[in-house]
Participant: 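Here it is, the structure, as structure tokens.
What you see below is based on every heavy atom in this structure, not just the backbone, and it leaves out hydrogens, waters and symmetry mates.
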Amino acid sequence: MKKIFTLITISIALLVCGSLSSAQDSRQRAPETIVQDILALVPADNQATLETELHSLVATAPRSLEILTSMLKPSDSGANAKVEYVIHALAQYASDPANSYAVEAVRKCFDNAADNSEDAYNKAFFLQELRLVAYKDAPAVVQPATSPDPARPAYSKKDFLKLDLSGQRDAIYWIGETRDASRFDLVTFVLGKSRDEGLVADAAIAASKIGGEKAASALVNAVTKGSAAPAAVREALLSFNGDIAPAVMAALNKAKGSSAASLIEIAGLRHIKPAFEIIYAFTGSKDENVAAAARRALKGVATEGNADTMADLLDAGTNDVKNYQEAYQAALNFIPAENRFETIAARMKNASNPQNFFPALAATGADEAVDALKGELDGKYRKEAVAALAVIDNFKAAEPLFDAASADKSLLVRYLELVETYQDKGERLADYEKALFLSGDDADIRLDALAKIAGLETPEAFVRVAGFIDDAGIAKPVADLLVSMAPKIASVTDYEVLKGVIAKVNAVNAAAAAKGDADAGYAVDAMKKLLDDSKPYVNALTAEEAAQGFELLFDGKDMSKWVGDIEGYAPLNGTINVNSMFGGNLYTLKEYSDFVFRFEFRFLVPGVNNGVGIRTPYDVDAAYFAMCELQILDHDDPIYADLHDYQVHGSIYGVVPAKRLVHKPLGQWSEEEIIVKGNHITVTVNGQVITDADISEACQGHNVAPDGGEYNPYTVDHRNHPGMFNPKGHVSFCGHGQGLQFKNVRILEIK
């Protein structure tokens with residue numbers, strides 16, 4: 001049905017290309033789990049681990065971000081510290097040019113959260129974070145006035161010191177939760193004088209929440225002079241509600257030793273760009289801890305103006321090249337993407353150490369970068385070129401990586417990833433098999449390739465994986481792959497093939513079960529049931545139908561009563577299986593005038609699109625040049641959200657809308673009957689009449705525009721339907737894709 005094929009194509013393209021959102025991350029975790037996992041890390045002592053979790057958080061947006069932001073409770077509840085920490089870390093992550101892919105999702109989420117927040121402090125918090133993510137139009141953050149809590153006294157320092165430790169912590173905690181800037185002197189006092197780790201940590205959190213210049217200075221001062229809770233002070237500065245740059249830079253100019261290293265790290269993580277020159281100067285420190293911290297921090301503060309400085313260091317071949325490479329790439333991120341390759345290539349042209357620029361080339365992802373790195377494979381920097389090709393996100397890198405894998409099979413892992421990411425699903429099998437062949441005796445890579453093949457979830461892939469069930473070294477994991485695949489492909493796999501594979505799978509699992517593997521025993525039972533459920537269907541007329549004179553048009557194997565796309569509509573296990581990617585038309589050999597047409601159908605994949613042509617000639621668009629086309633459509637699928645009512649299942653396309661039904665779940669059979677008498681058509685599905693109309697009356701006899709034009713005011717789609725009054729014709733199945741099966745197709749000619 002060409003009328004909605006474009007809608008399907010566009011919808012699929014949007015689903016494939018348009019969104020960060022995913023139901024799960026690469027570890028198959030649901031968004032709810034990802035949020036809980038990242039909250040469990042707080043406060044994070046490993047930045048790399050935190051950034052990995054932040055990536056997963058963004059990868060499953062918007063659901064994951066909605067879950068996270070919805071966890072903020074009213075600001076006086078005292079339960080927001082961890083959530084605020086993660087939200088701020090997310091804002092920092094998205095503000096890094098290296099993570100620009102995350103900006104749009106994070107901005108949208110924070111913007112919505114601010115709009116929907118009824119808590120003034122939480123609204124201010126989200127607006128502050130929006131500004132951190134380079135959100136130029138975010139409203140200015142105005143901290144709401146604090147209302148004194150009559151249940152809590154406004155302690156003086158003298159009164160505060162009279163409290164026991166528990167009371168002091170409670171007071172500081174409350175100051176933070178209420179953002180009571182009028183009592184900030186107590187927070188400053190604790191940060192500067194107390195040696196109790198818990199109390200200082202509470203004060204650090206309070207300072208971070210209250211924000212402002214004084215709070216930033218107090219926290220930075222705690223870093224430079226030492227603190228009983230250095231980790232808490234560090235995290236408070238990283239999640240600080242406001243601008244800490246002036247305080248950090250002022251302190252950096254005088255800092256030494258461990259305090260300098262700490263402030264340098266904070267400046268890098270908070271992306272305090274004006275601190276670049278100060279931090280760069282620290283790379284020459286005689287204190288290696290300070291110098292190393294500075295080298296690590298450069299990537300967080302480098303901008304376009306620092307690219308040449310970083311390039312000079314790379315070309316000089318100085319120590320700690322990796323950090324300089326990351327800083328160079330961070331600086332290049334401020335340059336338009338289309339200009340980055342040329343910028344790098346120009347610096348490499350006469351470079352003494354061109355290999356140090358290879359990671360930056362790879363980061364561009366450009367075709368030219370792949371070509372340049374391929375050109376280095378036969379030279380002295382082959383090792384570095386291969387390493388760069390192994391990280392570039394460009395399918396053109398797959399071929400040279402595969403070639404290099406003959407000497408280093410570990411490269412096949414990346415090759416497989418590139419194929420999975422960039423290659424069309426229908427074309428992946430051949431590439432996966434190349435890796436499978438090259439993997440040799442490396443069982444891990446062989447299993448990786450087999451897992452990728454299994455993920456194709458096709459009968460061909462099922463058979464290919466099954467070919468390794470006799471390999472004793474990997475028989476059990478191969479059996480596990482096949483157990484996972486079998487339910488997904490059983491309905492489109494020849495029963496005898498399925499039966500043969502399952503016999504081998506069950507033999508492997510039975511042996512494992514005998515050794516105490518209970519799951520293997522359950523798998524055997526599941527496969528036996530699947531095989532029993534997959535037996536070929538018997539197509540037959542009922543006794544009543546036989547007596548009435550119905551003709552069986554398909555007996556489960558014989559297609560001699562049909563013409564047209566016989567390959568696209570092929571017999572399979574007692575069904576007519578629609579297996580063509582783009583579909584086609586299948587026609588009854590005979591022509592009919594009035595008749596009763598019955599069949600059963602089931603959808604195997606979402607979004608199925610097919611139809612029944614009534615009184616149709618061969619090779620025409622049945623919706624217009626047949627009497628009509630009746631929709632067979634999975635209209636419940638989201639891709640059809642904007643469907644016209646005359647396009648739902650059972651509709652006389654463009655002429656009479658059907659009563660919308662709710663389809664059975666995928667894989668379950670439905671029964672349909674179509675009765676055609678003269679100009680009258682009745683469609684019944686699962687006992688429910690959904691269409692009952694005279695098409696001549698529906699268009700007031702005007703199947704074409706009275707004025708001879710293309711616009712017909714009498715049809716609901718305003719198109720001409722010149723075949724509407726055909727006296728006879730074939731019955732056809734009109735398809736636009738696979739994933740549909742028919743059985744028990746029969747017809748009664750009414751004379």
Participant: So, the side chain of His635 versus the backbone of Ala641: is there a donor-acceptor pair under 3.5 Å, distance only?
Facilitator: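 Looks like no, no N/O pair under 3.5 Å.
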Participant: Counting only heavy atoms not in Lys273 (residues, nucleotides, ligands), do more than 12 fall under 6.0 Å from its NZ?
Facilitator: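 Enclosed: over 12 neighbouring heavy atoms sit under 6.0 Å from NZ of Lys273.
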Participant: Return yes if a side-chain donor-acceptor contact under 3.5 Å exists between Thr303 and Asn306, otherwise no.
Facilitator: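 Note: Thr303 and Asn306 side chains meet the donor-acceptor criterion.
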Participant: Can you confirm whether the side chains of Asp180 and Thr178 place a donor and an acceptor under 3.5 Å from each other?
Facilitator: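 Result is no, nothing qualifies.
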Participant: Do other residues, nucleotides or ligands put more than 12 heavy atoms under 6.0 Å from the CD atom of Glu197?
Facilitator: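 No, because the 6.0 Å sphere around CD of Glu197 holds 12 heavy atoms or fewer from other groups.
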Participant: What pair of heavy atoms forms the shortest contact from Leu314 to Tyr324, and how long is it?
Facilitator: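 Here Leu314 and Tyr324 meet closest at CD2-CB, 3.8 Å.
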Participant: Ala61 and Ala105: which non-hydrogen atoms are nearest, and at how many Å?
Facilitator: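 Ala61 and Ala105 have their closest heavy atoms at CB-CB, 4.1 Å.
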Participant: Taking atom NZ as the centre, does Lys108 end up with more than 12 heavy-atom neighbours from other residues, nucleotides or ligands that are less than 6.0 angstrom away?
Facilitator: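 No.
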Participant: Verify whether one side chain among Asp115 and Asn112 offers a donor that lies under 3.5 Å from an acceptor in the other.
Facilitator: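 Short answer, no.
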Participant: Between Tyr328 and Ala311, which heavy-atom pair has the shortest distance, and what is it?
Facilitator: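 What the structure gives for the nearest pair is CE1-CB, 3.8 Å.
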Participant: How close do Asp634 and Tyr640 get, heavy atom to heavy atom, and via which atoms?
Facilitator: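 The answer is O-CD1, 3.1 Å.
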Participant: Under 4.0 Å between a Lys/Arg side-chain N and an Asp/Glu carboxylate O for Lys452 and Asp448?
Facilitator: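 Yes, charged N to carboxylate O under 4.0 Å.
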Participant: Quick one: do Arg296 and Glu326 satisfy salt bridge (Lys or Arg N to Asp or Glu O under 4.0 Å)? Show the steps, please.
Facilitator: CA-CA 9 Å; Arg296 290 192 299 271; Glu326 291 177 350; over 6 Å; no
Participant: Under the ring-ring contact (aromatic ring centres under 6.0 Å, His included) criterion, do His88 and Tyr93 qualify, and how do the steps go?
Facilitator: CA-CA 9 Å; His88 182 74; Tyr93 179 82; over 10 Å; no
Participant: Within a 6.0 Å radius of atom CD on Glu368, are there more than 12 heavy atoms belonging to other residues, nucleotides or ligands?
Facilitator: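 Check passes, neighbour count above 12.
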Participant: State plainly whether the residues Asp202 and Lys209 are in salt-bridge range, i.e. N to O under 4.0 Å.
Facilitator: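 No, Asp202 and Lys209 are not salt-bridged.
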Participant: Which one of Leu219, Asn221, Val200 satisfies the side-chain contact (heavy atoms from CB on, under 4.5 Å) criterion with Ser227?
Facilitator: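 Considering Leu219, Asn221, Val200, a side-chain contact (heavy atoms from CB on, under 4.5 Å) with Ser227 is found only for Val200.
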Participant: Using a cut-off of 6.0 Å, state whether more than 12 heavy atoms not belonging to Lys322 lie near its atom NZ.
Facilitator: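 It does not: Lys322 NZ has 12 such atoms or fewer within range.
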